[in-house]
Amino acid sequence: MSDQADVRRDNSGPAHRYSSRLAGAIEERWQQAWAEAKAFRALNPGDEGFDAAARRFYCLDMFPYPSGKGLHVGHPIGYIGADIISRYRRMRGDNVLHPMGWDAFGLPAEQYAIDTGVHPRETTLKAIDTFRRQLQRFGFSFDWDREFATIDEGYYKWTQWIWLQAWSSWYDHRVERARPISELITAIETNEVWFDREGCLSWTRPPEDGKMWEEFTKTEQRDILDGQRLAYLGEETVNWCPKLGTVLANEEIIDGRSERGGHPVVRRPLRQWMFRITAFAERLLQSLDDLNWPESTRTQQAMWIGRSEGADLRFRLVELEGEIEVFTSRPDTLLGVTFMVVAPEHPLVEQVLGEPPDGCDRERIRDYVNTAKNRSNIDRMADGKNKTGHPLGIHATHPATGEPIPVWVSDYVLAGYGHGAIMAVPGHDERDHAFALKYELPIFEVVKPGEEIEDECWYGDGIAINSWCEQLDINGLSTAEAKAAVIHWAELEGHGIGRTSWRIKDWLFSRQRYWGEPFPIVHTEDGTHYPISKEHLPVLLPVLEDYEPAVSEDPQPLLGKLRRWVETTAGEAGVDPALLPPDTPVHRETNTMPGWAGSCWYFIRYCDPGNDTAFVGETAERYWLGPNDAAAGGVDLYIGGAEHAVMHLLYARFWHKLLHDLGHLSSDEPFRTLFHQGLLTSFAYKRDDGSLVPADEVDEEKSIEVATGEVVERIVAKMSKSLRNVVNPDDVIAEYGADTFRLYEMYMGPLDASKPWNTRDIVGVFRFLQRAWRLVVDEDSGDLSVQETLDEDVERALHRTIAKVGEDIERLSYNTAIASMIEFVNLATHHGGLTAEQLDRFARILCPFAPHIAEEFHAKLGNEGLCSVAVWPDYDESMLVDESIELPVQVKGKVRGRISVPADSTEEEVIAAALAHERVAEILGGAEPRKVIVVPGKIVNVIP
RNA sequence: GCGGGUGUGGCGGAAUUGGCAGACGCGCUGGUUUUAGGUACCAGUGGGGCAACCCGUGGAGGUUCGAGUCCUCUCACCCGCACCA
């Protein structure tokens, strides 16, 4: 924004025109007044002045990462949207909770700190100050008394406590909920549970060669219990990012690279803290149906959870001992199996290399497997459909036909899904088909499509054919029937079992970075873990001088550098002396939690942010998040970006269900209604050859590149530094004021639509505020300028506008609400103005959108108190229609004229008026119409 | 490939339930105020035609008195997932 433009807008025109300078002064004054009055404080049950009769409205924004770069113009869109409905509901008398805080742990903050060479705490606190100042400049009606950051000791104390809740519980699939692990121990001690030799639990009957609890060693008992915990140490093949120096969750990997920074990620086995989110898979999927969420987000989560019904089937090996277990979603195609494939990581591969049977080309298998394993995910994907593999030289026995079928190894089979092995049905699976074609393996057709379809490889449902052998006959059965028949047969004959498989995996929850919550746990020499007791939480993040990660092929948690912190005693660390004598030497956990930890429950903490005896007080939790007469429980409205569709929203749902199961929360879903604001894009310019030109090198009027004169095409693109089309909200506010900024971003289009920023358009809503200002203030004298007499047409229009704006806010249709206010102001201007009383009502409907100027109007009109907490104006139903209405008359599907009739006319009267219309009569030429359709208040259609 | 979504003037968009297509804003054209530019204000602005009228919501069909809206097919673009057996 040029200074010149600024000067022009301020220094010309009458002395009391609504200018950016005036807007700035007004905005500062009212922001101060709101802060002093604590106008937006939400009251909890028990607070003085709490109104139990008021409806609650918990309106939540996704709290930002305070990165050092400051706020972007895209950031406020959702915040303005949430602020408008929050302000509106407050004026309607609701008890509104609209909080804000800071998601301050995690990779971005740490990376920024590393880049600038300053401690993350310092840079983070500074960034928070910047963000807070920027957000306050918008006049958001946040209850700033509830503000906190995830790095606050009083907050992460409870993040650690919640993790310990998971560590101290197990999942009881018999009742489908998490329970304290102490209840499992009780069940074991009262012999309700049996174990097999491996220590697997059984609730139904003692396994044939079972083992008593007492027969296990102490270590085995510990491992059995640890294996049940919802937070556990798992030996997993994990995503290791050498550049970031940490492991990452599956959700954080995009196309084989880290979501943050785009660094390569390799897979390697590691012992890491995991969350048993898979135990909740069924419920996380099921309750999606109860949520008022955007369809795209629900399907994304459903796909991520990835439920698949089918069967586990076992194939006995011919040349070796043992069997291959596979998962298939198409057991009906069992008789179409012509070969089997295992992943390069499958244990059978090692077994074959260890004791190679005859005819096994050991060297070439080893080569293939090594190449496949070392190929990065990026390479694998780049290869696309071209499949590679190698025969293992061994065979498996088909469980039904008894025929030997060859076993191959190929990296098109993923180690991480099912059993890392498949039965290949090249007749009815595209991938198996491609593989069979390449390596000339037999292809059998065993499913006939319902209709005649010419397809080389039909993978839909149909009728089973060629599916007969002595053991099994499913010929003629539909796919569904055949699936059931094969599963039944397999279970009866001991070849397998019907099973549901899930794509979702347990959540890898530890990171090797510094800037995160330490785990509240220690372990002794023998590897037994002990929790830090509640009174000793939080385990403070120690100060580290050198927090830069070592770029390494081997994960080294940064906290491991602090030997004196790591090596301590049970008493020092805060382990309950009843569990471990205080002088026992222990090691602290050196991993930290990922950035997601803090955002999994921050909305719970807002209910009761000061509580230092519980993560949330029971009364506060039940009031703000519990089910009530009007709502099913959870946050009433959550507004934020669609980029969080899987990770944050899934993780938070998981924590919520866990805490609900353990009796700490009264609702089982965190976010009842979810809304995604659209992406803010920008215009960019493209040359003929497709290359992009920075926005400041283009003459926008003529669409030519200034330097060359070449004609460029305007396209829509993401804002980026390189295109120099990034807009800084501070600049826009300096030129037009926060009210104009708020109006502009809401007026651009639907809140959930992606739309391009166009600085040129801002002046439209600025002019609207100027016109509104002129209705109240004489531009020359600065005096109040109101009409004495009330204009009937304007009064009707005001009623309509009040009704429309209220309805539009309820459905978050802010662009149309603003349009109707502009229309009203234009009408009022043409009619010579408004009475003081009309202006008073108008100021109140304007208030949620442009709160500062509305407060100024409110005060100028002589009101005491704040407009922001004034009552939303009523409208009179009977004032919504004019006394006489105009109706278009169609003949032969075209509008031929319009008639003016009293609003309460009968259908006969309307028809008579329509037929009497000159043009209509002319077209009819004296003939009687066949039919006349009257849609009350809308249209008359004459059919000749 | 699969899933979700979007296509309306020069531009952003409106039409909530099948009922006047283009509300409202930008831009543009003309005018008023102004020493001038700009600001502000007033009027006009989908295309064609002097007009009656005709054409018009990505495209092609269909249902209906009436379709941007419903149905069938199709094209383009955006987002997400992607060898998940």
Side-chain angles (χ1 to χ4, degrees), chain A residues 4-5 8-14 17 19 254-255 294-300 302-304 306 308 310 326-330 333 341 380-381 383-385 387 410-414 416-419 421-425 429-432 434-435 459 501-503 642-643 645-646 679 681 683 701 714 716 744 747-750 752-758 760-765 767-768 770-771 774 779 807-808 811 813 815-816 818-823 826 829-830 886-895 898 919 929-944:
Chain A
Q4 205 187 353
R8 266 196 247 121
R9 270 193 188 86
D10 273 351
N11 290 352
S12 60
R17 174 161 291 169
S19 63
I254 293 170
D255 295 339
E295 193 53 41
S296 59
T297 301
R298 290 208 320 221
T299 47
Q300 269 183 67
M303 277 168 55
W304 189 265
S308 173
V326 301
F327 174 77
T328 176
S329 62
R330 292 294 300 270
T333 60
V341 189
R380 266 201 198 192
M381 283 173 195
D383 241 1
K385 296 268 174 265
K387 293 181 174 45
S410 170
D411 67 357
Y412 88 88
V413 171
L414 306 175
Y417 185 76
H419 302 282
I422 60 157
M423 59 176 223
V425 185
D429 180 284
E430 274 191 306
R431 298 147 302 181
D432 299 344
F435 195 79
Y459 48 88
S501 180
W502 301 87
R503 206 189 79 125
E643 67 274 18
V646 175
L679 191 72
T681 54
F683 291 122
E701 298 268 302
R714 191 168 85 165
V716 170
Y744 171 63
Y747 187 58
M748 290 172 79
D752 56 356
S754 152
K755 44 210 177 261
W757 176 273
N758 192 2
R760 188 198 258 173
D761 288 346
I762 302 173
V763 72
V765 286
R767 284 177 191 153
F768 158 64
Q770 284 186 322
R771 280 199 295 279
R774 261 195 300 278
E779 284 190 333
E807 281 165 27
D808 283 356
R811 60 190 180 102
S813 180
N815 54 333
T816 54
I818 295 167
S820 70
M821 286 190 289
I822 295 176
E823 242 174 307
N826 290 346
T829 302
H830 288 136
E886 210 176 58
L887 286 179
V889 182
Q890 281 189 346
V891 187
K892 288 195 268 186
K894 298 281 177 219
V895 176
R898 34 197 90 241
R919 236 350 250 148
R930 258 196 308 145
K931 201 174 172 188
V932 182
I933 294 162
V934 178
V935 185
K938 296 280 189 189
I939 204 166
V940 183
N941 197 354
V942 180
I943 302 135

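Below, chains carry the letters A, B, ... as their sequence lines are ordered, and counting in each starts from 1. Only heavy atoms go into these numbers, but all of them, side chains included; no hydrogens, no water, no symmetry mates.
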Requested in this report: Please round to the nearest 0.5 Å and tell me the distance separating atom CE of A/M748 and atom CD1 of A/I762.
Outcome: 8.5 Å
Requested in this report: Give, for atom OG1 of A/T681 and atom CH2 of A/W757, the distance between the pair rounded to the nearest 0.5 Å.
Outcome: 11.5 Å
**Report entry** Sugar-phosphate only, base, or nothing, as touched by A/T297 at under 4.0 Å among non-hydrogen atoms
**Finding:** nothing
Report task. Look at the side chain of A/K387 against the base of B/C83 and say whether a donor-acceptor pair falls under 3.5 Å; ignore hydrogens and angles. Result -> yes
Query raised in the report: Taking OP1 and OP2 of B/C41, is either one under 4.0 Å from a side-chain nitrogen or oxygen of A/R771?
Result: yes
Query raised in the report: Rounding to the closest angstrom, what is the interatomic distance between B/A14 and B/U64 at atom P?
Result: 31 Å
Query - Interatomic distance, A/Q770 CD vs B/A40 P [rounded to whole Å] - result: 5 Å
Requested in this report: Round to a whole Å and report the spacing from OH of A/Y744 to C1' of B/C11.
Outcome: 11 Å
Report task. Verify the contact: side-chain N or O of A/R298 to OP1 or OP2 of B/G80, cut-off strictly under 4.0 Å; return yes or no. Result -> no
Report task. Quick one: label A/H419 by what it contacts on the DNA or RNA (base, sugar-phosphate, nothing), any heavy atom closer than 4.0 Å. Result -> nothing
Query - Nucleotide B/C20, atom P - distance to CG of A/L887 in whole Å - result: 11 Å
Query raised in the report: From B/C26, B/A85, B/G80, pick the nucleotide closest to the side chain of A/I422?
Result: B/A85
Report summary line: Separation between NZ (A/K755) and CG (A/N815), nearest 0.5 Å, reads 8.0 Å
Report task. Tell me, please, whether A/F435 has A/K387 positioned over its six-membered ring: NZ or CZ under 6.0 Å from the ring centre and within 45 degrees of its axis? Result -> no
Query raised in the report: On RNA chain B, nearest-nucleotide positions of A/I822 versus A/S754: which is more 5'?
Result: A/S754
Requested in this report: Quick one: label A/M748 by what it contacts on the DNA or RNA (base, sugar-phosphate, nothing), any heavy atom closer than 4.0 Å.
Outcome: sugar-phosphate
Query - Rounded distance (nearest 0.5 Å) linking atom OH of A/Y417 with atom CZ of A/R503 - result: 9.0 Å
Requested in this report: Could you tell me whether the phosphate oxygens of B/A14, OP1 or OP2, come under 4.0 Å of any side-chain nitrogen or oxygen in A/N815?
Outcome: yes
Query raised in the report: Hey, does A/F327 have a side-chain heavy atom less than 4.5 Å from the side chain of A/I422?
Result: no
Requested in this report: Using the C1' atom on both, measure B/U72 against B/A67 and round to a whole Å.
Outcome: 15 Å
Query - Separation of atom NZ in A/K755 from atom C1' in B/G25, rounded to whole Å - result: 15 Å
Query raised in the report: Are OP1 or OP2 of B/C42 and a side-chain N or O of A/H830 less than 4.0 angstrom apart?
Result: yes
Report task. Check every strand shown and say whether A/P750 touches a base, only sugar-phosphate, or nothing at a heavy-atom separation below 4.0 Å. Result -> sugar-phosphate
Report summary line: A/D752 atom CG is separated from B/G5 atom C1', nearest whole Å, by 10 Å
**Report entry** side-chain N/O A/Q300 vs B/G3 OP1/OP2, d < 4.0 Å
**Finding:** no
Report task. Check every strand shown and say whether A/R898 touches a base, only sugar-phosphate, or nothing at a heavy-atom separation below 4.0 Å. Result -> base
Query raised in the report: Hey, does the side chain of A/R774 come within less than 4.0 Å of B/C41's phosphate (OP1/OP2), counting only N and O?
Result: yes
Query - Side-chain N or O of A/Y417 closer than 4.0 Å to phosphate OP1/OP2 of B/A85 - result: yes
Requested in this report: Between B/U16 and B/C11, how far apart are the C1' atoms? Round to whole Å, please.
Outcome: 25 Å
Query raised in the report: So, A/Y412 versus A/D432: side-chain donor-acceptor pair below 3.5 Å or not?
Result: yes
Query raised in the report: Could you state the CD-P distance from A/E779 to B/U33, rounded to the nearest angstrom?
Result: 18 Å
Query raised in the report: Can you tell me how far P in B/U39 sits from the matching atom in B/C26, rounded to whole Å?
Result: 11 Å
Query - Comparing A/S820 and A/F327 on RNA chain B - which has the more 5′ nearest nucleotide - result: A/S820
Query raised in the report: Any idea if B/G9 is syn or anti, going by the 90°-from-0 cut?
Result: syn
Query raised in the report: Between B/C26 and A/R767, is there an OP1 or OP2 to side-chain N/O distance shorter than 4.0 Å?
Result: yes
Query raised in the report: Got a second to check how far A/S754's OG is from A/L679's CG, nearest 0.5 Å?
Result: 5.0 Å
Query raised in the report: For A/D432, which contact category applies under a 4.0 Å heavy-atom criterion: base, sugar-phosphate, or nothing?
Result: nothing
Query raised in the report: Would you say B/A85 has OP1 or OP2 under 4.0 Å from some side-chain N or O of A/S308?
Result: yes
Report task. For a side chain to side chain contact (heavy atoms under 4.5 Å, CB included) with A/V891, tell me which candidate from A/V942, A/V940, A/N941 qualifies. Result -> A/V942
Requested in this report: Go through B/G80, B/C26, B/G12 for me and flag the one nearest to the A/V763 side chain.
Outcome: B/C26
Requested in this report: Report the distance from atom CD of A/E643 to atom P of B/C81, rounded to the nearest whole Å.
Outcome: 12 Å
Check nucleotides 65-69 of chain B for protein N or O atoms closer than 3.5 Å to its own N or O atoms and list the pairs.
from: B/C65; atom 1: O2; to: A/N941; atom 2: ND2; distance (Å): 2.4

Report task. Rounded to the nearest 0.5 Å, what's the gap from CD on A/Q890 to CD1 on A/I943? Could you check? Result -> 9.5 Å
Query raised in the report: Which part of the nucleic acid, if any, lies within contact of A/E807, taking any heavy atom under 4.0 Å across all strands shown: a base, the sugar-phosphate backbone alone, or nothing?
Result: base
Query raised in the report: A/E823 CD to B/A15 P: how many Å, rounded?
Result: 12 Å
